Visitor: 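Got a structure here, written out as structure tokens. Questions coming.
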Amino acid sequence: MGSEADQKKIINSIFTKAAEGSRIIKDAEPLRPDYVPPKLLFRDEQITAVAQIVAPILRKQRCSNVLLYGKTGTGKTATARLVLNELRLKAQEFKIPVCLCYTNCRLAGTEYRVVLDLAESVGVKIPFTGLSLGEAYSRVAAQISDNNLNFLVVLDEIDYLAKNSTGNLLYELTRSHEKLTPGGISLIGISNDLRFKEMLDPRVLSSLGEEEMVFPPYSVEELRLILKERVKLAFNDGCITEGAVNLCAALAGSEHGDARRAVDLLRVSAEVAEREGKARVEEHHIKIALQKMEQDRLIEALRVLPLQAKLILLSVIKSEDSSSTGSIYQTYLRLSSRVGVETLTARRVSGILSELDMQGLISANVLSKGRYGRSKRVSLLVSKHLVLDVLTQDPIIAAVI
DNA sequence: CCTCCACAGGAAGCGCAGGAGT
DNA sequence: ACTCCTGCGCTTCCTGTGGAGG
């Protein structure tokens, strides 16, 4: 513990840095992943279509259910939120009672918590635990029909609801307009997963998919203009070069046309430049930021690997060149007995090697050596030092490195 | 051409944890 | 509080297979 004066000095210097710190960023908000820009570029067609679909709400009618499809960062959520905001304003202007709800199913986590969100929007108090899902839902439904509410719900990441639960809630929601004679529920579903339809109950699908809309990825040129807009809002004038913005768009666009990643890259680049004490983001900052983001992703992927997968990855490293499934398994047997973990069968280890292959951490190709059998040839695809670094953080693994 | 190595990878079933229904 | 159900990680058992060497 330092003296009172020391403490004040430290606090003072932190605050001074914070106050004058951002010479580059004037407003971080437009760089946040969930930011909805006032004008959404290159989505006129989708915005128009969604607006037309939900418009009947203002005539106190139920509107068609819609499914919005598209990969991450293609503007689905932003489109939905933008239309929802405008709808709310219009309803206020004409004093039309509407009830709107936006909820993210993945963040909510369970069907029950999605229902809690719905309950809050229609103004019912529901205990956050204690009720069965059915009871909670019927209270929401009762409120809707008692007050003749016209309820529009946006279910973001709806695929999560279909994958990680019984799907009862979706079934109830899609059926509701048959049951609720006064009032009604209209749905906008948003999904990143294009195969989401296949795992849906056909009855739910036919109701939910009354209208469908696909959001294409942004082109590099579109990303470039989107980024320029964000730069205007978030950066101080002249704090980023034209070339840097272009590079940012090109790098993000060459992957999947993911605007969210492109904006992320922009934000991290600004942090990189700021940490270097520069007043302007240049192309090399973008490159550093990209590397940093990729490395962070890799570290995270390694960190959350199950113990057995970590041991197997370590076995791949330790068996070096003779990396056939057999020799890796022998190494694995040695390692796992040394750390005192129960050993898996060769079949399972082979499966885990395939999983690591799919994650892009190793490459495993089947190779036939004729008389000498047929096996996977395995090699590490990422930096050995980085892997060892991360694995050492696991106390159990650290014992054998 | 046939054999046979050293596995690949599918199918079925088991035990367990966690979540839903009662 | 209790059963029932489901999904998951895993094992067991199995059939399939490319090609060097006979």
Side-chain angles (χ1 to χ4, degrees), chain A residues 105-119 126-141 157-175 193 195-196 198-201 204 301-316 318-337 339-381 394 396-397:
Chain A
C105 305
R106 187 176 52 78
L107 294 183
T110 63
E111 290 186 317
Y112 190 83
R113 271 182 267 168
V114 171
V115 175
L116 278 184
D117 279 347
L118 303 186
I126 285 184
F128 57 85
T129 180
L131 294 185
S132 75
L133 182 71
E135 172 61 22
Y137 179 73
S138 57
R139 288 195 195 177
V140 173
E157 304 198 50
I158 193 173
D159 40 329
Y160 188 86
L161 221 51
K163 276 178 209 160
N164 296 286
S165 59
T166 52
N168 284 344
L169 178 60
L170 281 182
Y171 182 63
E172 290 291 338
L173 281 172
T174 50
R175 261 169 42 112
D193 187 347
R195 298 160 310 153
F196 152 72
E198 293 162 19
M199 54 200 195
L200 219 52
D201 185 325
V204 174
L302 289 169
R303 211 177 54 76
V304 300
L305 234 39
L307 178 62
Q308 294 286 8
K310 284 180 180 168
L311 272 174
I312 290 164
L313 196 57
L314 188 60
S315 308
V316 172
K318 294 222 170 188
S319 358
E320 293 290 348
D321 310 314
S322 62
S323 51
S324 63
T325 309
S327 59
I328 289 171
Y329 187 59
Q330 293 309 314
T331 314
Y332 163 75
L333 288 179
R334 282 208 331 271
L335 288 177
S336 55
S337 67
V339 296
V341 175
E342 80 276 40
T343 54
L344 302 177
T345 55
R347 176 70 188 88
R348 182 63 190 134
V349 170
S350 166
I352 291 176
L353 282 172
S354 299
E355 286 168 26
L356 292 173
D357 181 32
M358 278 194 292
Q359 281 196 50
L361 296 174
I362 62 174
S363 104
N365 302 310
V366 269
L367 182 73
S368 181
K369 285 174 288 180
R371 168 117 302 199
Y372 308 103
R374 194 164 171 270
S375 172
K376 281 193 189 115
R377 196 196 49 191
V378 179
S379 57
L380 197 64
L381 282 182
D394 190 312
I396 300 174
I397 304 273

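Naming convention: chains lettered A, B, ... in sequence-line order (proteins, then strands); numbering from 1 in each chain. None of these values were measured; they are calculated from a predicted model.
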Visitor: Arg348(A) CZ to dC8(C) P: how many Å, rounded?
Guide: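 Computing the Arg348(A):CZ to dC8(C):P distance gives 12 Å.
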Visitor: Does any part of the side chain of Thr325(A), heavy atoms only, come nearer than 4.5 Å to the side chain of Val349(A), both counted from C-beta?
Guide: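 No, every pair of side-chain atoms sits at 4.5 Å or beyond.
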Visitor: Take the protein atom NZ of Lys310(A) and the nucleotide atom C1' of dG9(C), then report the distance between them rounded to whole Å.
Guide: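 Roughly 17 Å, once rounded to whole Å.
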Visitor: Quick check: closest heavy atoms across Leu305(A) and Lys310(A), and the distance to 0.1 Å?
Guide: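 Heavy-atom minimum between the residues: O-CE, 3.3 Å.
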Visitor: Quick one: list whatever passes side-chain contact (heavy atoms from CB on, under 4.5 Å) with Leu333(A), sequence neighbours left out.
Guide: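 Here the qualifying residues are Tyr329(A), Gln330(A), Thr343(A).
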Visitor: In whole Å, what is the span from the CG atom of Leu305(A) to the C1' atom of dG9(C)?
Guide: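 Computing the Leu305(A):CG to dG9(C):C1' distance gives 15 Å.
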Visitor: Measure across Ile158(A) and Cys105(A) and return the closest heavy-atom pair with its distance rounded to 0.1 Å.
Guide: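 Looking at all heavy atoms of both residues, the closest pair is CA-SG, 4.1 Å.
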Visitor: Return each pair, listed once, that meets salt bridge (charged side-chain N to carboxylate O under 4.0 Å, His left out) where at least one residue sits in residues 351-370 of chain A; pairs must be two or more places apart or across chains.
Guide: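 Of all non-adjacent pairs touching residues 351-370 of chain A, those that pass salt bridge (charged side-chain N to carboxylate O under 4.0 Å, His left out) are Arg348(A)-Glu355(A).
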Visitor: Please determine whether side chain to side chain contact (heavy atoms under 4.5 Å, CB included) holds for the pair Ser363(A) and Asn365(A), giving the CA-CA distance in whole Å, both sets of side-chain angles, and the decisive distance to 0.1 Å.
Guide: CA-CA 6 Å; Ser363(A) 104; Asn365(A) 302 310; 3.9 Å; yes
Visitor: Write down the distance between CG (Leu367(A)) and P (dC5(B)), rounded to a whole number of angstrom.
Guide: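 Atom CG in Leu367(A) sits about 18 Å away from atom P in dC5(B).
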Visitor: Output all residues satisfying salt bridge (Lys or Arg N to Asp or Glu O under 4.0 Å) with Arg334(A), sequence neighbours left out; order by chain, then residue number.
Guide: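 For Arg334(A) there are no salt bridge (Lys or Arg N to Asp or Glu O under 4.0 Å) partners, ignoring immediate neighbours.
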Visitor: Which whole-number value in Å describes the distance from Asn365(A) CG to dC7(B) P?
Guide: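 Between P of dC7(B) and CG of Asn365(A): 16 Å.
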Visitor: Roughly how many Å is it from CD in Gln308(A) to C1' in dC8(C), rounded to a whole number?
Guide: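 Result: 15 Å.
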Visitor: Are any side-chain N or O atoms of Lys376(A) and backbone N or O atoms of Ser350(A), one a donor and one an acceptor, separated by less than 3.5 Å?
Guide: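 It does hold such a pair.
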Visitor: Sort me out a list of protein N/O and nucleotides 9-13 of chain B N/O pairs below 3.5 Å, or just none if empty.
Guide:
residue: dG9(B); atom: N7; partner: Arg347(A); partner atom: NE; Å: 3.3
residue: dG10(B); atom: N7; partner: Arg347(A); partner atom: NH2; Å: 3.1
residue: dG10(B); atom: O6; partner: Arg347(A); partner atom: NE; Å: 2.9

Visitor: Tell me the interatomic distance from Glu355(A), atom CD, to dG9(C), atom C1', rounded to whole angstroms.
Guide: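 So the CD-C1' distance, Glu355(A) to dG9(C), works out to 9 Å.
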Visitor: Which pair of heavy atoms, one from Val378(A) and one from Ala364(A), lies closest together, and at what distance?
Guide: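 Closest pair (atom of Val378(A), atom of Ala364(A), distance): CG2-CB, 4.2 Å.
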Visitor: Between the main-chain N or O of Ser319(A) and the side-chain N or O of Thr331(A), is there a donor-acceptor pair closer than 3.5 Å?
Guide: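 Such a contact is absent between Thr331(A) side chain and Ser319(A) backbone.
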Visitor: Taking only side-chain nitrogens and oxygens of Thr325(A), does any of them come within less than 4.0 Å of OP1 or OP2 of dA8(B)?
Guide: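 For Thr325(A), the contact criterion (side-chain N or O under 4.0 Å from OP1 or OP2 of dA8(B)) is met.
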Visitor: Would you call Ile397(A) and Leu307(A) a side-chain contact if the rule is heavy atoms closer than 4.5 Å?
Guide: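 Result yes, sub-4.5 Å side-chain heavy-atom pair found.
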Visitor: Could you state the CZ-C1' distance from Arg377(A) to dC7(B), rounded to the nearest angstrom?
Guide: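 Answer to the nearest Å: 16 Å.
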Visitor: Please list, by residue number, the residues of residues 339-346 of chain A whose heavy atoms come closer than 4.0 Å to an atom of DNA chain C; answer none if no residue qualifies.
Guide: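 Of all residues in residues 339-346 of chain A, the ones placing a heavy atom under 4.0 Å from DNA chain C are Thr343(A), Leu344(A), Thr345(A).
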Visitor: Once each nucleotide of nucleotides 15-22 of chain C is scored for protein heavy atoms under 4.0 Å, what B/S/- sequence comes out, 5' to 3'?
Guide: -BBBBBS-
